[in-house]
Amino acid sequence: MSKRSVTWPADSRACQEGPPCLETCPATAWMRMRVPLVAGEEVRPLSRVLTAADSGNGISAELDFERYVFVNSDLTVTLHRHPQGEWVCLDARTMVDGAGIGLAESALHDEKGPLGRSTQSLYVAARA
């Protein structure tokens, strides 16, 4: 696995308003929640990280999203410090086996640097 830069973007508007990446490849994305998960509730940094971590499968893929369905049956998040700030970066990669088994894994970062990792077990099948 090659080491890729996950530096803080110079223009953070591009992170939230740019076109979606539709390629089948590993991907790196900075993201933030623009609305609370629960209306009227404060969004805390840990909630931001957990919400973003659940997107690893959605930003990286090994197969065409139009032809295959990816169902993540679980999410495991391991952090080595408390998250800070609004922005979270996922440096994500998805691996798929021909038997319909897959794994999405993401290195997690926030505005202060490396934060932890997340994994999602995947069920993969051709769309009907």
Side-chain angles (χ1 to χ4, degrees):
M1 181 185 306
S2 64
K3 187 163 178 108
R4 291 174 291 183
S5 172
V6 292
T7 57
W8 181 251
D11 179 8
S12 61
R13 290 178 51 91
C15 296
Q16 61 182 332
E17 298 173 0
C21 176
L22 301 177
E23 296 178 28
T24 55
C25 61
T28 301
W30 282 93
M31 60 185 73
R32 69 181 176 119
M33 295 174 65
R34 296 197 288 179
V35 296
L37 191 58
V38 177
E41 293 290 324
E42 175 188 356
V43 180
R44 298 178 186 271
L46 180 59
S47 297
R48 295 176 196 283
V49 169
L50 296 176
T51 300
D54 197 32
S55 300
N57 173 46
I59 67 166
S60 69
E62 287 298 314
L63 300 170
D64 185 348
F65 284 109
E66 304 245 344
R67 296 180 48 218
Y68 293 89
V69 62
F70 303 80
V71 178
N72 60 304
S73 57
D74 67 359
L75 171 66
T76 301
V77 178
T78 305
L79 303 178
H80 58 82
R81 63 175 175 80
H82 292 284
Q84 298 179 24
E86 290 188 16
W87 288 90
V88 179
C89 177
L90 275 70
D91 188 9
R93 153 180 314 278
T94 298
M95 295 143 294
V96 177
D97 178 83
I101 299 169
L103 176 71
E105 69 173 351
S106 301
L108 304 171
H109 303 260
D110 65 11
E111 299 167 30
K112 301 295 182 187
L115 181 60
R117 299 194 71 77
S118 67
T119 58
Q120 297 168 288
S121 298
L122 303 174
Y123 165 75
V124 181
R127 291 187 183 272

Taking a hydrophobic cluster as the set of Ile, Leu, Val, Met, Phe, Trp and Tyr residues connected by side-chain heavy atoms closer than 4.5 Å, whether directly or through intermediates, do L103 and L122 fall within one such cluster?
no

Are L90 and L75 linked, directly or through other ILVMFWY residues, by side chains that come within less than 4.5 angstrom of each other?
yes

side-chain contact (heavy atoms from CB on, under 4.5 Å) partners of V71, counting only residues at least two apart:
V69, Y123

Counterpart residues, side-chain hydrogen bond (donor to acceptor under 3.5 Å, both in side chains), relative to D54 (two or more places apart):
N72, Q120

Partners passing side-chain hydrogen bond (donor to acceptor under 3.5 Å, both in side chains) against Q84 (at least two apart in sequence or in another chain)
none

How far does CD of E41 sit from OG of S47, to the nearest 0.5 angstrom?
9.5 Å

Note, L108 side chain near V49 side chain (heavy atom, < 4.5 Å):
yes

Using the test side-chain hydrogen bond (donor to acceptor under 3.5 Å, both in side chains), find all partners of S121 that sit at least two apart in sequence or belong to another chain.
D74

side-chain contact (heavy atoms from CB on, under 4.5 Å) filter on L50, not counting sequence neighbours, yields L46, V77

What do the steps show when you test E105 against R93 for salt bridge (Lys or Arg N to Asp or Glu O under 4.0 Å), and what is the final call?
CA-CA 6 Å; E105 69 173 351; R93 153 180 314 278; 5.2 Å; no

Residues in side-chain contact (heavy atoms from CB on, under 4.5 Å) with P45, at least two apart?
P83

Over all atoms of both residues, closest heavy-atom pair of S60 and A27:
CB-N, 4.0 Å

Hydrophobic cluster of V43, others only, ordered by chain and residue number, side-chain cut-off 4.5 Å:
M33, L37

Taking ring pair (Phe, Tyr, Trp, His ring centres under 6.0 Å) as the definition, give me every residue that meets it alongside F70, ordered by chain and number, with sequence neighbours left out.
F65

So for atom CZ, which belongs to R67, do other residues, nucleotides or ligands contribute more than 12 heavy atoms lying within a distance under 6.0 Å?
no

Separation of L115 CG from S106 OG (nearest 0.5 Å)
12.0 Å

Could you state the interatomic distance from NE2 (H109) to CH2 (W30), rounded to the nearest 0.5 Å?
7.5 Å

List the atom of A104, the atom of T94, and the distance in Å for their closest heavy-atom pair.
CB-OG1, 3.8 Å

Residue pair I101 / V124, side-chain heavy-atom distance below 4.5 Å:
no

List the residues meeting side-chain hydrogen bond (donor to acceptor under 3.5 Å, both in side chains) with S118, not counting sequence neighbours, and say none if there are none.
none

NZ/NE/NH1/NH2 to OD/OE distance under 4.0 Å, D110 and R81
yes

In short, P26 meets E62 closest at the heavy-atom pair CD-OE2, 4.4 Å

Under the side chain to side chain contact (heavy atoms under 4.5 Å, CB included) criterion, do R127 and E66 qualify, and how do the steps go?
CA-CA 8 Å; R127 291 187 183 272; E66 304 245 344; 5.7 Å; no

With sequence neighbours excluded, what pairs up with T76 under the side-chain contact (heavy atoms from CB on, under 4.5 Å) test?
T78, T119

